[in-house]
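One structure below.
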Protein chains: 4
Amino acid sequence: MAVEPVRRPGRPRSEDARHAVLTATLELAAESGPAGLTMGGIAERAGVSKETLYRWWHSKTEVVLEALAHYGDEAIPVPDTGSLAKDLRVFMRATSKALDHRTRQLLRTLAAQSAADPTFADQVREEFIARRRAALAEVLERAVKRGELAPARAAVTVDFVFGSLWYRLIFGVGSLDRAWADAVADSVPGSTAEP
Amino acid sequence: MAVEPVRRPGRPRSEDARHAVLTATLELAAESGPAGLTMGGIAERAGVSKETLYRWWHSKTEVVLEALAHYGDEAIPVPDTGSLAKDLRVFMRATSKALDHRTRQLLRTLAAQSAADPTFADQVREEFIARRRAALAEVLERAVKRGELAPARAAVTVDFVFGSLWYRLIFGVGSLDRAWADAVADSVPGSTAEP
Amino acid sequence: MAVEPVRRPGRPRSEDARHAVLTATLELAAESGPAGLTMGGIAERAGVSKETLYRWWHSKTEVVLEALAHYGDEAIPVPDTGSLAKDLRVFMRATSKALDHRTRQLLRTLAAQSAADPTFADQVREEFIARRRAALAEVLERAVKRGELAPARAAVTVDFVFGSLWYRLIFGVGSLDRAWADAVADSVPGSTAEP
Amino acid sequence: MAVEPVRRPGRPRSEDARHAVLTATLELAAESGPAGLTMGGIAERAGVSKETLYRWWHSKTEVVLEALAHYGDEAIPVPDTGSLAKDLRVFMRATSKALDHRTRQLLRTLAAQSAADPTFADQVREEFIARRRAALAEVLERAVKRGELAPARAAVTVDFVFGSLWYRLIFGVGSLDRAWADAVADSVPGSTAEP
DNA sequence: CGGTAAGCGAGACGGTACGTCTTGTCTTATT
DNA sequence: AATAAGACAAGACGTACCGTCTCGCTTACCG
């Protein structure tokens, strides 16, 4: 049974255009940051008309969201070493490693738009934030089942990890390097003992 | 010796104008949120010329920063009950209580601008974030001296508390009410025992 | 010998589409005037694709031109009463009568496009203006042959009649009613005497 | 008594900007005609922001109108030789002479916009057309007073002269040179006799 | 009766102009 | 010197229309 063999009439959406837009967004975000990322700029860089841009994405945030989703979907795998301490280490270090310049710029763009507009915040939360939370929650869930972690603590831990990340990213309060990753991993009770 | 008896020539700065600007900023932020808060709008609402606005504040962020500082400076006192658990409870509940609609809108404006522009982020960090961190650090420091808290844990705790706050504020990931305040307070080790 | 018995292969042009386009053009012109008459609008109203529109007409002007030709081709017959004064009266009154709201909107569209683009002006002149001029010229020619009109005056009279019409139509300088028609007819020398 | 010595507060309107806009409009109209004359283009050529353009002129037509008024106000003087025939000759030849390439482009722009939008047509009529009509009407009035021209004929003559001009200009029906000027002048009864 | 070829709808596309908005600077007269 | 009033350059925004394109489907004929 084919999943979607239907072909609607009319010229089909150009995959080239879509790809060019997402690529241009990543490039521009990396180069100029949130402030320099404009719809007109993306369109020009991508060799795409503004109308096409607005047809498929209703705002800058949506473009960034999709660009980021495409780029970083498998960057951080969900580890399963059998030990919470090790799992957290792996997860945090992978997270830290994924935060290169380009990604930080994209995330800052996401944060800026989300802070300014609750509607977009909802979208970002559901389509991006939730995925990351789920990945970490999976790791913690296993630890809870093994009795390594109190259930109540699992919940706040997710906030802790990502809260720290965004807080530092947005306000520049401290680094997001490997030292940070390890410090965060170690601070989760029950994972401190075995370094 | 008088502290500052100097009187520069010319018309002195209008205190009325300054006050009107800060009030207008608070009002507009509460009404329209980050997206609707413009320099032109503030000037108009305050009955002040844009010239005057830009003379004393170099950017929207500075205005918001000062408006916020004025409004919420003594809102959250630094508690000293002799017990980390109690101190944290008081601090977190006061923090939660201070986060009314207006304040959240202002904080979101700060976050949006900071995420978009690292220079503003620096400013926000130095003039606003740092003060809050210092207040919490003072509470934790005392606990460390009493042997209630490991020094290493004190550092990450500050990140935890404020990270959670901004994370939830920006992306709408969960509430910021009294339940949240208590959950955060309880999750700091050594303060869990006594509810 | 049949004039055009050839039948090219492939699907023949849809007469329905052609008719729908011309009708839609007339309707839209009457409703929204030159400014509101767009190719996309015509296509949509006619239930025809833009592709089809552009296949058969290369510009808005061509569509309007054909719509107008279809509608008003026999509206103004060439009178031949034997008297210049009477012929002119009939011609001018018929002209005036043909200038209902819809026709005026169409003519204004033609004028707008012609003024903006000399190439279209050429087309309009050859395919529309020339026909009207020829009709009037025929009437005047007969008068010249009868000795009622000086040959030199015949030439400028055509300019006079149609110039006045377009001038008033475009700039709203005076009416185009029966009074105007009579005034114009009467002002041609040799036709004034007999009212 | 000074006509307008009042000085409103605020930065006064820049005469430089105004002049640059009108000049740029004339240049662009001459170069590219009605179709190539855009608000953005005018702004760029004039070194003026689009906001300034729209602050003072609400549409392209208004800019063109003012540009034309400035340029051609005294181009065609009202002659008074004492003879209708001579006056008309002078007036028509001056009119013809004033119709250089640049002016024709401007007039065509005016016509295009007027045909498309009756509101602008009203404006053009009152602020531009009316002045020309008044000039010619003055000449004819004098002839009527001298008994050279029937009052009824004076009215249609104005239509005739300008109708012919615009008709030829818009649709390219014949020239607008000296031969045309003389032919039109001669065709007015009472002025034909004396060449 | 099946192949071939053009017409047709739907609708995406690059391009360009539109008119509005906000930012930060400036130039006045007034206080 | 500071103010209000407000004009200004710069440039992003989101919309509209243009004319072209690429699809799948339809309607004829012709062999």
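Per chain, numbering begins at 1; letters A, B, ... match sequence-line order.
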So, taking the atom named CG in C/Asp117 and the one named CD in C/Gln123, what distance separates them when rounded to the nearest 0.5 Å? 9.5 Å
Out of F/dT15, E/dT23, E/dC8, which nucleotide sits closest to the side chain of C/Ser14? E/dC8
Please state how far atom CD in D/Glu15 lies from atom C1' in E/dT28, giving the value in whole angstrom units. 15 Å
Please confirm whether the shortest side-chain N or O distance from B/Thr52 to OP1 or OP2 of F/dA4 is below 4.0 Å. yes
Within this structure, what is the OH-to-P distance between D/Tyr54 and F/dG11, rounded to whole angstrom? 18 Å
Which whole-number value in Å describes the distance from C/His58 NE2 to F/dT20 C1'? 13 Å
Considering every strand and a 4.0 Å limit on heavy-atom distances, what is the contact class for B/Lys60: base, sugar-phosphate, or nothing? sugar-phosphate
So, B/Gln105 versus B/Arg102: side-chain donor-acceptor pair below 3.5 Å or not? no
Check whether any side-chain nitrogen or oxygen of C/Arg11 sits under 4.0 Å from OP1 or OP2 of E/dC8, and answer yes or no. no
Could you give the CH2-to-C1' distance, from C/Trp57 to F/dC18, as a whole number of Å? 18 Å
Side-chain heavy atoms of D/Arg104 within contact of D/Leu107, under 4.5 Å: no
A/Leu37 vs A/Gly10, nearer the 5' end of DNA chain F by closest nucleotide: A/Leu37
Go through the steps for C/Phe128 and C/Thr61 under the test side-chain contact (heavy atoms from CB on, under 4.5 Å), then give the verdict. CA-CA 11 Å; C/Phe128 181 71; C/Thr61 311; over 6 Å; no
d(A/Leu26 CG, A/Ile42 CD1) to nearest 0.5 Å is 9.5 Å
Quickly work out the B/Leu53 CG to E/dT22 P distance and round it to whole Å. 14 Å
Toward the 5' end of DNA chain F, by each residue's nearest nucleotide, B/Ala17 or D/Gly47: B/Ala17
Euclidean distance, atom CD1 of residue A/Ile42 to atom C1' of E/dG14 [Å, nearest integer]: 17 Å
Of the listed nucleotides (F/dA9, F/dT15, F/dT22), which one gets closest to any side-chain atom of A/Lys50? F/dT15
Protein-nucleotide distance (A/Asp117, atom CG; F/dC13, atom C1'), rounded to Å: 15 Å
Any base atoms under 4.0 Å from C/Trp56, or only sugar-phosphate, or nothing? Heavy atoms, all strands. sugar-phosphate
Minimum-distance nucleotide (side-chain atoms of D/Met39 versus E/dA12, E/dG19, F/dA12): E/dG19
Phosphate OP1/OP2 of F/dT3 contacted by B/Arg55 side-chain N/O (<4.0 Å): yes
In chain order, what residues pass the salt bridge (Lys or Arg N to Asp or Glu O under 4.0 Å) check against C/Glu27, with sequence neighbours excluded? C/Arg45
In residues 21-28 of chain A, which ones come under 4.0 Å of DNA chain E, going by heavy atoms? none
What's the closest nucleotide to the side chain of A/Glu51 if the choices are F/dC17, E/dC18, E/dG9? F/dC17
Stepwise salt bridge (charged side-chain N to carboxylate O under 4.0 Å, His left out) test for C/Glu66 and C/Arg18: CA-CA 10 Å; C/Glu66 187 167 338; C/Arg18 180 170 168 276; 2.7 Å; yes
What's C/Gly41 touching, base or sugar-phosphate or nothing? Going by heavy atoms closer than 4.0 Å. nothing
Under 3.5 Å, is there a donor-acceptor pair between the side chain of C/Glu62 and the main chain of C/His58? yes
If you only use heavy atoms from C-beta on, which nucleotide in E/dG14, F/dC17, E/dC18 is closest to the side chain of C/Thr38? F/dC17
Tell me which of A/Ala46 and C/Arg18 sits closer to the 5' end of DNA chain E, going by the nucleotide each one is nearest to. C/Arg18
Just how far, in rounded Å, is C1' of E/dG19 from CD of D/Glu62? 14 Å
